Amino acid sequence: MRSMFALLLLASVSAPAFGGQMIEVAQSSPDQTTSDQSAAVVVSQAAMDEAVRHGVLHTTVGGDTMVGVDLIVGIPSGIRVSLFPRIFGVQNVPVSLDLYYGGTATAAGFAEVVGAGLRIHLELAADKIGKNALMLAPGFSVMVGWDDTPTDPGWFDFGPDSTIVYVTAGTDVAWRHQFAKHFGMELGLNVSGAIMASGLDSSGVDSAGRPFVQLSAYIGFHF
């Protein structure tokens, strides 16, 4: 009888403690769920940061470039200066503003030209040490020039007898090598299609609407 009473007493004392543990576990579950959700958010943000840093919006080789200077040989020939603005809070968005000066063959004849354009720089492949990369840089430009013919009235006369104006769209394919954080080199080829907006040919006929092709090679340095 005494043994049965002792067992009942022990059960009555143990039950609240055990129940309290169950309640405590049940109450801790939401905190654990919140902790897991927070960890998932941190992981997702880290993955997003990594994608921005090493994805299409950021190149691993030469991604800190601020200015590039290219010597172009072919059609066209000349100099291209590229400016890389730092925007959107990303260390470097590889969209360059390109400024051109040189000479080229157009559908209206040979001309001395200046121009401006935009390119986006895509990294197709890179080595593990971040020193070499295969780059693709599609873009477009607007070019203005003169051809020194007797019928050319001079710069910025945008009429039927205007100075030469044409628009290009094409791409660079290049090998990029990075020597240091702000010093690298590129060797590349450019293929572009162009169409005349205005300009007289050697016969004095308006060349607007005539297409032509440009092909050139370049060596450049970026900083």
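Note that the structure is predicted; figures quoted are calculated from it, not measured. Atoms considered below: every heavy atom in the structure, side chains included; atoms not considered: hydrogens, waters and symmetry mates.
- By the salt bridge (Lys or Arg N to Asp or Glu O under 4.0 Å) test, D98 is found to be paired with R119, residues two or more places apart in sequence or in another chain being considered.
- Closest approach of A137 and H121 over heavy atoms only: CB-ND1, 3.9 Å.
- With side-chain heavy atoms closer than 4.5 Å counting as contact, directly or through intermediates, V73 stands alone and belongs to no larger hydrophobic cluster.
- Considering every non-hydrogen atom in both D206 and A208, the closest pair reads OD1-N, 3.2 Å.
- At a threshold of 4.5 Å between side-chain heavy atoms, the hydrophobic network of Ile, Leu, Val, Met, Phe, Trp and Tyr places V165 and V167 in two separate groups.
- Applying the salt bridge (Lys or Arg N to Asp or Glu O under 4.0 Å) rule to pairs touching residues 209-220 yields D201-R210, sequence neighbours excluded.
- Under the rule for a ring-ring contact (aromatic ring centres under 6.0 Å, His included), Y100 has no partner lying at least two apart in sequence or in another chain.
- A heavy-atom distance below 4.5 Å is not found between the side chains of S77 and S216.
- Of all non-hydrogen atoms in P211 and A107, the two that sit nearest each other are O-CB, 4.4 Å.
- Annotation for L118: atom CG counts as buried by contact number, over 12 foreign heavy atoms lying within 6.0 Å.
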### Query
Passes side-chain contact (heavy atoms from CB on, under 4.5 Å), M196 versus I164? Steps please.
CA-CA 8 Å; M196 298 294 300; I164 289 174; 3.7 Å; yes
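- In terms of hydrophobic clustering, with Ile, Leu, Val, Met, Phe, Trp and Tyr side chains grouped at heavy-atom distances under 4.5 Å, V205 and I195 are assigned to different clusters.
- Clustering of Ile, Leu, Val, Met, Phe, Trp and Tyr by side-chain heavy atoms under 4.5 Å joins I75 with none of the others.
- Taking both residues in full, the closest heavy atoms of H182 and D64 are given as CE1-O, 3.0 Å, listed atom of the first, atom of the second, then distance.
- The list of salt bridge (Lys or Arg N to Asp or Glu O under 4.0 Å) pairs with a residue in residues 182-192, not counting sequence neighbours, reads R176-E186.
- Contact annotation: the side chain of V113 never approaches that of V144 to less than 4.5 Å [non-hydrogen atoms, C-beta and beyond].
- In this structure, the side chain of N132 does not engage the main chain of D127 through any donor-acceptor pair within 3.5 Å.
- Every residue two or more places apart in sequence or in another chain that forms a ring-ring contact (aromatic ring centres under 6.0 Å, His included) with F212 is listed here: Y166.
- Put simply, L189 and I219 are part of two different groups of oily side chains (I, L, V, M, F, W, Y) that touch within less than 4.5 Å, one to the next.
- Every side chain to side chain donor-acceptor pair (under 3.5 Å) that Q178 has, sequence neighbours left out, goes to H222.
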### Task
Check the pair L99, V114 against side-chain contact (heavy atoms from CB on, under 4.5 Å), reporting the backbone distance first and the verdict last.
CA-CA 8 Å; L99 306 175; V114 296; over 6 Å; no
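- Checking side-chain atoms of D70 against main-chain N and O of I72 turns up no donor-acceptor pair under 3.5 Å.
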### Message
Under the criterion side-chain contact (heavy atoms from CB on, under 4.5 Å), I'd like the reasoning laid out for V69 against F221: C-alpha separation, chi angles, the key distance, then a yes or no.
### Response
CA-CA 6 Å; V69 180; F221 296 93; 5.7 Å; no
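- Hydrophobic cluster membership differs between I120 and V142, with clusters built from Ile, Leu, Val, Met, Phe, Trp and Tyr side chains linked at under 4.5 angstrom.
- Shown here are the side chain to side chain donor-acceptor pair (under 3.5 Å) partners of S207, two or more places apart in sequence or in another chain: there are none.
- S192 meets the side chain to side chain donor-acceptor pair (under 3.5 Å) test with N190; sequence neighbours excluded.
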### Task
Check the pair V61 / E123 against side-chain contact (heavy atoms from CB on, under 4.5 Å), numbers first and verdict last.
CA-CA 8 Å; V61 179; E123 186 177 273; 3.8 Å; yes
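- Annotation: side chain to side chain donor-acceptor pair (under 3.5 Å) contacts of T104 (sequence neighbours excluded): Q214.
- For the ring-ring contact (aromatic ring centres under 6.0 Å, His included) test, residues two or more places apart in sequence or in another chain that qualify with F179 are H177, F183.
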